[in-house]
J.: 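First, the structure itself, so that you have it in front of you.
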Amino acid sequence: MALLSRKNKTPLGIYIHVPFCRSKCQYCDFYSLTTKEDSLHDGYLDAVCSHIKEAGALAPNYLVDTIYFGGGTPSFFGAEGMAAILTVIRKSFDVARDAEITFEANPDSVSDRLLRRLRSEGFNRVSLGIQCDNDDILKKLGRPHSYAQAVNAVKRIRKMGFKNLSLDLMYGLPGQSLQAWEHTLQNVLKLQPEHISCYGLKVEEGTPLYEYQDCCNLADDDTQADMYLSAIEILRQHGYRQYEISNFCRKGHVSRHNLKYWNGGEYLGFGPDASSDFGGRRFAIIRDLQGYIAGIRSGGQVLREVQEVPPRERAGEYLMMRLRTVSGLDPKEYEKRYLLPFGPLQKALEKHKEQGLAVKTFDGRWHLTPNGFLVSNSIISDLLLIQEKCKPIARRR
Amino acid sequence: MTELSKIRNFSIIAHIDHGKSTLADRLLEECDAIDQRIRAEQLLDSMELEKERGITIKATAATLSYTADDGETYALNLIDTPGHVDFNYEVSRSLAACEGAILVVDASQGVEAQTLANTYLAIDAGLEVLPVINKIDLPSARPAEVKAEIEDIIGLPAEDSPEISAKNGINIHSVLEMIVRDVPAPAGNRDAPLQALIFDSQYDAYRGVIVYVRIKEGTIRAGQDIKMMATGAVYKVVEVGTMSPAGLIPADALGAGEVGYITASIKTVADTQVGDTITTVENPAAEPLPGYRPVQPMVFSGVYPADGAKYQDLREALEKLKLNDASMTYELESSIALGFGFRCGFLGLLHMEIIQERLEREYNLDLITTAPNVVYRVTKNNGEVLMVDNPLDYPDPMEIQLAEEPFVKVNLMAPQEYVGNIMDLATSRRGEFKDMVYLDANRVELHYEMPLNEIIYDFFDALKSRTRGYGSLDYELIGYRPSRLVKLDILLNGDVVDALSFILFADNAYPRARKICEKLKENIPRAQFEIPVQAAIGGKIIARETIKALRKDVLAKCYGGDITRKKKLLEKQKEGKKRMRTFGTVAVPSEAFMAVLKLDED
């Protein structure tokens with residue numbers, strides 16, 4: 001299908017949302033079902049594969065350089081299904097030889113058989129959700145595994161030859177103290193992952209945790225902030241560079257797929273509730289597996305929102321997403337791309353700099369400090385407000 | 001022109017909710033003045049706000065054609081009056097246009113302070129006051145007792161007063177017959193020099209101001225050159241006529257005794273002051289009718305657009321409102337904190353709320369309003385006397401020789417079991433007790449003198465809540481008295497926020513300062529740094545709170561590419577910030593200003 005030489009193609013990320021889990025975690029608001037019904041699993045597989053084929057035909061000028069199976073729990077869905085989907089992706093899209101291909105897994109569903117199969121299919125990165133090292137807390141969260149299982153899973157992932165492993169951790173968990181969190185980090189560092197994500201627990205409406213949040217001893221904002229700062233420091237000491245608000249890695253191991261979200265790259269999502277940013281439009285698939293299956297089968301509507309994003313809004317997204325990263329904003333790039341002046345933003349950033357919330361690098365870029373990341377919503381909304389009032393720079397003739 | 005003997009000019013006076021507007025509607029209906037099919041509830045109260053609040057803000061008038069039992073057809077001019085203490089002067093001018101007044105008294109509530117106040121206004125104006133007992137169909141109605149009350153308290157014969165239900169149309173006919181029988185026909189000489197009393201006016205986009213008048217002497221007709229005796233303005237009359245509930249009906253002329261309207265290409269209602277006398281240029285009256293008083297706002301407050309960019313919109317909205325409301329004043333003011341806005345003068349707090357609501361509703365503006373204040377009189381050491389309606393203009397304490405604040409005489413009325421509560425309230429508001437009168441076995445009237453400043457905030461609400469709704473209030477200005485006043489400044493992060501400064505009685509400063517700091521702490525969101533909230537008099541800090549720095553406001557997970565949702569969240573946060581004003585380094589939401597105003601609610 002290569003109509004253009006690969007050099008001239010636009011890079012594309014593909015996200016597969018696998019909406020199945022063994023059990024629902026108390027805090028999770030992602031779209032996922034605990035059903036084991038074969039008809040739904042099979043129906044999902046057929047639908048995703050057909051959907052990918054349809055889309056592939058419309059994207060001949062793209063080169064897929066990252067693929068990400070998230071969920072849900074892809075490892076619970078099983079190796080056969082994932083392998084089948086990946087095969088369809090390769091058939092329908094031009095996939096780069098060195099593409100980053102990630103799957104998410106939980107410690108309780110990574111069998112040797114699954115790992116071996118996925119490794120041989122070309123998956124080269126694993127994101128393992130272990131969250132913390134305390135079994136009582138894991139149980140409270142409704143996680144279907146123990147910490148010992150997690151340690152064991154890491155060993156087997158390594159044994160099967162995966163050289164790029166990411167571990168997901170959470171802080172601010174029920175009953176978790178600052179010391180307990182630091183202990184988790186120290187323990188996890190012994191596992192020597194290439195990449196670590198640390199997410200502060202956010203109580204989302206509609207989750208079971210939301211209902212009993214007041215009586216499970218959650219860390220307050222100040223403690224969460226301390227936990228966050230301490231994580232950044234401990235990880236730094238161990239050679240993990242922070243490259244995004246919640247993400248850390250050893251040299252050369254950034255999540256190329258996730259970086260697309262923050263750097264404004266294009267991506268296509270498949271499966272219920274998956275989001276896309278493609279061809280200038282953002283769209284999302286309905287949060288309903290059966291509706292998705294039926295829609296794909298009958299050629300009906302499966303999108304819940306489609307949004308043409310005008311340049312002005314892209315300029316806002318640029319601030320929003322770039323300020324999540326440590327490489328931050330590039331004033332020249334910003335002005336050139338959106339024809340908006342950076343001066344007013346700079347003025348505000350200078351103030352944040354005085355407060356120790358932002359930094360200007362030697363090459364003129366601006367990024368937030370750890371303390372700045374902690375209050376990034378407040379900083380970003382300030383900047384958005386300033387940006388809204390900016391008049392476009394007149395084009396030079 | 002209608003013969004004098006066939007004219008009856010009357011108004012209806014009542015306490016709020018005693019059914020004045022409903023009765024007016026029934027009278028109109030009974031006279032077939034309104035096509036029933038298109039009848040909207042409470043026709044005379046045409047402003048949306050009036051309907052919602054159930055009170056009349058602007059007076060209106062209508063001529064009803066009624067064929068009485070004696071076979072004669074009469075022109076009954078009903079002049080509606082506003083029903084709130086803020087509008088006492090307007091009431092008095094409407095009454096001056098009449099020969100009689102129907103006093104509506106609720107058959108279960110009985111006589112209340114406002115009933116009394118308005119009745120005295122009517123009696124002072126020399127009107128024949130005719131009681132009517134309303135709501136007799138309510139189970140709690142006690143018409144006989146209420147009639148006795150009217151005779152005892154007011155001293156009006158009420159034995160034969162009609163017992164009616166305006167709501168259900170019972171005995172309306174007897175009210176009309178009473179009007180024809182007992183309201184005196186107007187007097188006046190239609191050949192005398194013109195004296196027309198302005199009792200209201202309204203701005204119309206097509207005709208300019210429509211002036212509502214009662215002709216006391218002489219005759220007015222289109223083409224005449226007229227002169228406003230108080231303002232001196234001269235106009236040529238374009239049209240005269242009468243008001244029917246369905247609209248204006250042009251006539252050849254209006255003669256003494258009649259009520260009607262005049263148009264004369266007048267551009268703003270400010271040129272047609274209520275109470276002023278119109279005469280002709282050619283044959284002017286020797287003197288104006290008595291009772292005119294230029295409108296004087298009593299309460300002042302800064303009104304600013306929540307979004308500074310909307311300043312022009314606010315200006316235009318005020319200009320338009322002013323066309324129709326001569327009692328409001330506004331002038332440009334600028335605050336370091338709030339930028340450009342207006343210092344507006346109002347008759348009272350209700351008037352202020354009404355204007356604010358109209359600005360927000362009809363002109364779709366978000367406003368920040370500063371604490372209302374009265375006009376203080378300050379004599380400086382050098383003998384200069386200042387009238388201060390804006391805390392920003394309050395001189396340095398060192399320069400002040402004498403500070404005075406306006407005092408009012410307050411009449412409070414309630415069943416006697418609430419006397420203790422009322423006394424507590426009045427004392428806490430610096431009220432000086434004058435006397436107490438038993439109106440009957442159960443009801444008392446208390447007279448106090450107190451600073452106007454203590455009444456303008458929430459006194460009426462506090463009175464209502466302490467008397468379970470039975471208390472009523474009426475007040476009038478009695479002049480200035482020396483007082484110990486201080487200017488309280490509020491500092492956010494060390495900077496004075498001028499828009500939050502206000503003048504108050506020295507003894508109230510400490511508790512008030514503490515409360516304001518607490519309220520601001522509650523209403524100002526945590527910022528990226530710690531914010532001290534302080535209250536100061538002169539340079540001295542007398543209260544302090546601290547808003548802790550914001551530690552955490554972050555979307556930890558931005559993931560799976562669902563950026564739309566996060567975007568909405570940040571957009572929402574951004575929009576929230578638009579409703580805030582930045583003072584030095586601190587962003588303050590407009591709700592914080594409201595919270596400071598509503599200090600006494602808890």
Side-chain angles (χ1 to χ4, degrees), chain A residues 13 15 17 30 68 70 170-172 197-202 220-226 228 244-246 258 260-262 267 269 273-277 282-284 305 307 313 316-317 320-321 324 351-352 355 357 371-385 387-389, chain B residues 305-312 339 366 492-495 521 523-532 546-590:
Chain A
Y15 175 77
H17 190 75
F30 288 118
Y68 197 104
M170 292 178 89
Y171 59 91
S197 301
C198 298
Y199 297 116
L201 175 68
K202 186 161 182 292
D220 61 14
D221 279 3
D222 282 339
T223 313
Q224 267 215 19
D226 290 339
Y228 178 70
E244 193 257 0
I245 287 182
S246 306
N258 286 341
K260 281 206 159 76
Y261 302 142
W262 305 316
Y267 52 91
D273 205 33
S275 305
S276 300
D277 185 356
R282 289 192 179 281
F283 44 95
E305 54 175 45
Q307 204 198 357
E313 217 173 302
E317 287 181 5
M320 222 178 267
M321 304 312 289
R324 297 188 64 85
K351 265 193 202 148
H352 293 311
Q355 293 157 6
L357 302 175
N371 274 310
F373 282 137
L374 270 172
V375 293
S376 52
N377 286 352
S378 160
I379 295 175
I380 294 168
S381 50
D382 280 349
L383 295 179
L384 289 177
L385 194 59
Q387 185 186 55
E388 192 180 272
K389 290 179 186 146
Chain B
D307 174 358
K310 294 275 172 70
Y311 163 75
Q312 271 306 335
D366 271 342
L492 294 177
N493 205 18
D495 299 326
K521 184 185 173 178
N523 283 280
I524 296 174
R526 290 167 82 178
Q528 293 144 17
F529 44 87
E530 187 178 283
I531 307 168
T546 305
I547 301 167
K548 287 210 300 182
L550 175 71
R551 279 297 305 279
K552 194 188 133 267
D553 179 15
V554 57
L555 297 164
K557 210 159 183 169
C558 189
Y559 183 69
D562 180 10
I563 280 148
T564 312
R565 221 175 92 198
K566 320 283 178 194
K567 220 160 78 179
K568 278 182 194 150
L569 212 114
L570 286 165
E571 282 291 325
K572 211 173 132 196
Q573 196 164 351
K574 179 191 84 182
E575 292 303 317
K577 283 183 172 166
K578 270 194 199 162
R579 294 183 50 88
M580 296 199 213
R581 283 313 197 79
T582 307
F583 302 129
T585 45
V586 183
V588 181
S590 42

J.: Find the one option among A/Lys351, A/His352, A/Lys202 whose heavy-atom pairs under 4.5 Å with chain B are most numerous.
T.: A/His352
J.: Which atoms of A/Leu383 are under 4.5 Å from chain B, going by heavy atoms: the side chain, the backbone, both sets, or neither?
T.: neither
J.: Can you name the residues that form a side chain to side chain donor-acceptor pair (under 3.5 Å) with A/Glu313, not counting sequence neighbours?
T.: A/Gln307, B/Lys567
J.: Looking only at atom types and distance, does a side-chain atom of A/Ser381 sit under 3.5 Å from a main-chain N or O of B/Leu570, one as donor and one as acceptor?
T.: no
J.: Using modelled atom types and a 3.5 Å cut-off, is there a donor and acceptor pairing between side-chain atoms of A/Arg324 and backbone atoms of B/Leu555?
T.: yes
J.: Does any heavy atom of chain B fall under 4.5 Å from the side chain of A/Asp221, the backbone, both, or neither of them?
T.: both
J.: Quick check on B/Lys572 against chain A: is it the side chain, the backbone, both or neither that has a heavy atom closer than 4.5 Å?
T.: neither
J.: In terms of heavy-atom proximity below 4.5 Å to chain B, should A/Leu357 be classed as side chain, backbone, both, or neither?
T.: side chain
J.: With no hydrogens and no angle check, do the side chains of A/Thr223 and A/Asp226 hold a donor and an acceptor under 3.5 Å apart?
T.: no
J.: So which of A/Asn371, A/Ile379, A/Leu201 has the largest heavy-atom pair count under 4.5 angstrom toward chain B?
T.: A/Ile379
J.: With a 4.5 angstrom heavy-atom cut-off, is it the side chain or the backbone of A/Phe373 that approaches chain B, or both, or neither?
T.: backbone
J.: Taking every non-hydrogen pair under 4.5 Å, which of A/Ile245, A/Asp382, A/Asp277 racks up the most with chain B?
T.: A/Asp382
J.: Could you grab the distance from atom CZ of B/Phe529 to atom CD of A/Gln355, nearest 0.5 Å is fine?
T.: 5.5 Å
J.: Rounded to the nearest 0.5 Å, what's the gap from CG on A/Asn377 to CE on A/Met320? Could you check?
T.: 10.0 Å
J.: Side chain, backbone, both or neither: which part of A/Ile380 has an atom under 4.5 Å from a heavy atom of chain B?
T.: side chain
J.: Can any side-chain N or O of B/Lys577 pair as donor or acceptor with the backbone N or O of A/Ser378 at less than 3.5 Å?
T.: yes
J.: What part of A/His17 is in contact with chain B, defined as an atom under 4.5 angstrom from a non-hydrogen atom: side chain, backbone, both or neither?
T.: neither
J.: Just so I understand: if I count every heavy-atom pair under 4.5 Å between each of B/Asp553, B/Thr564, B/Leu569 and chain A, which residue has the most?
T.: B/Asp553
J.: Any carboxylate oxygen within less than 4.0 angstrom of a Lys/Arg side-chain nitrogen, looking at B/Lys568 and B/Glu571?
T.: no
